[in-house]
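Worksheet: one structure, shown below.
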Amino acid sequence: MGAVFELPRSATIEDPMRLAVMISGGGSGLAALLEYQREESRCHRTVLVLADRIDAGGLEHGRGEGVRSIGIPLPKGLAKTEKRLAHERLLHDELISCNVELVVLSGYMRILTPWFVGRWKGRLINIHPSLLPDFPGAHAHRDVLASGVNVTGCTVHLVDEGVDSGPILAQTRVQVLEDDNESSLQERVKHVEHVLYPETIDLLCSGTMTP
Ligand code: GRF
């Protein structure tokens, strides 16, 4: 897979990997990760929560744990590309100033530019609610139901410059039920995401799983 995807080090309970979690909404995945880190000593801890909206509900999960949690909206008054880059520079500055080592996208709904990905490649992971490479993009559950497949799931992957296209680290399968709708399917998939993501982060940070 190549050196570009290497994490900077193997972490330990005594010297845990410093994580930032990036969200856009309610942050149930963030809440599950924080709970996982609270219930036992782990080889990673969340030191920063970033959202692309100041009103992202999930920021409260971070604040409740005493983690620096800030919403950084897109700056106003710039052309589209400049706006995205200016926004990502603000995010990047926060990550650097908090000495973040691994960036965990958890329901972060913006596509990151090659500029940002280039700076964090190998230290940037995402969870997606389908069995990638099938059903990438923002409407995975809708697309799964429309296709008629009877198994879906979730995927943890390294982020590259494409959309949900980076190397796959772990997957869990979930049965699609006959009477499923988007919200029932989303709920069941989230349930397994909340187990798979923390466990995969454990393996990555401890060096047990190498990208
Ligand atoms: C999750 O299903 C995740 O896979 C997807 O966005 C959703 C985020 O949910 N990328 P939440 O904000 O963690 O509740």
Side-chain angles (χ1 to χ4, degrees), residues 19-39 44 46 48-65 67 69-73 88 91 102-113 116-117 120 124-147 149 151-177 180-202 204:
L19 308 191
V21 183
M22 285 173 51
I23 60 167
S24 293
S28 67
L30 164 66
L33 178 62
L34 291 170
E35 190 183 335
Y36 185 82
Q37 292 169 332
R38 189 178 54 235
E39 70 192 7
H44 45 85
T46 302
L48 177 66
V49 175
L50 291 176
D52 58 343
R53 297 169 26 187
I54 53 171
D55 61 348
L59 288 168
E60 290 312 316
H61 297 307
R63 289 176 187 142
E65 292 290 322
V67 176
S69 303
I70 47 175
I72 303 182
E88 290 182 354
L91 300 173
L102 176 67
V103 180
V104 175
L105 304 181
S106 187
Y108 187 71
M109 297 310 286
R110 305 192 60 77
I111 294 167
L112 294 162
T113 67
F116 186 91
V117 173
W120 290 95
L124 179 59
I125 60 174
N126 182 41
I127 189 156
H128 179 78
S130 78
L131 294 176
L132 292 172
D134 294 337
F135 309 108
H139 304 289
H141 300 303
R142 187 199 297 173
D143 296 343
V144 162
L145 290 171
S147 78
V149 295
V151 177
T152 182
C154 57
T155 302
V156 180
H157 65 97
L158 291 155
V159 176
D160 67 5
E161 290 77 3
V163 177
D164 302 322
S165 58
I168 290 171
L169 298 173
Q171 293 184 308
T172 303
R173 291 157 69 90
V174 172
Q175 203 68 35
V176 181
L177 306 178
D180 260 331
N181 55 37
E182 272 186 63
S183 82
S184 65
L185 188 56
Q186 178 183 53
E187 198 180 317
R188 280 207 324 290
V189 172
K190 277 192 184 185
H191 195 71
V192 297
E193 288 183 24
H194 296 171
V195 176
L196 183 70
Y197 215 6
E199 288 182 357
T200 307
I201 292 168
D202 253 359
L204 259 185

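All ligand and atom numbering here is 1-based and tracks the order in the structure.
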Protein heavy atom at shortest distance from atom 10 (N) of ligand 1: I127 O, 3.3 Å

For atom 14 (O) of ligand 1, closest protein heavy-atom neighbour: S28 OG, 2.6 Å

Among L124, L105, I72, the one residue meeting side chain to side chain contact (heavy atoms under 4.5 Å, CB included) with M22: L105

Salt bridge E60-R63, side-chain N to carboxylate O under 4.0 Å: yes

Before signing off on this row, confirm whether [X] and ligand 1 have an N or O atom pair separated by under 3.5 Å.
X    : answer
K190 : yes
G25  : no
G29  : yes

Enclosure of E187 CD (heavy-atom neighbours >12, cutoff 6.0 Å): no

Residues, nucleotides or ligands: over 12 heavy atoms within 6.0 Å of L145 CG: yes

Gap separating the NE2 atom of H141 from the OG1 atom of T152, nearest 0.5 angstrom: 7.0 Å

Check: S24 main-chain N/O paired with R110 side-chain donor or acceptor under 3.5 Å: no

Atoms in ligand 1 with a heavy atom of E193 nearer than 4.0 Å: 1 (C), 2 (O), 3 (C), 4 (O)

Minimum non-hydrogen distance to atom 12 (O) of ligand 1, winning option of S24, G27, G107: G27

Heavy-atom gap P129 to ligand 1 smaller than 4.0 Å: yes

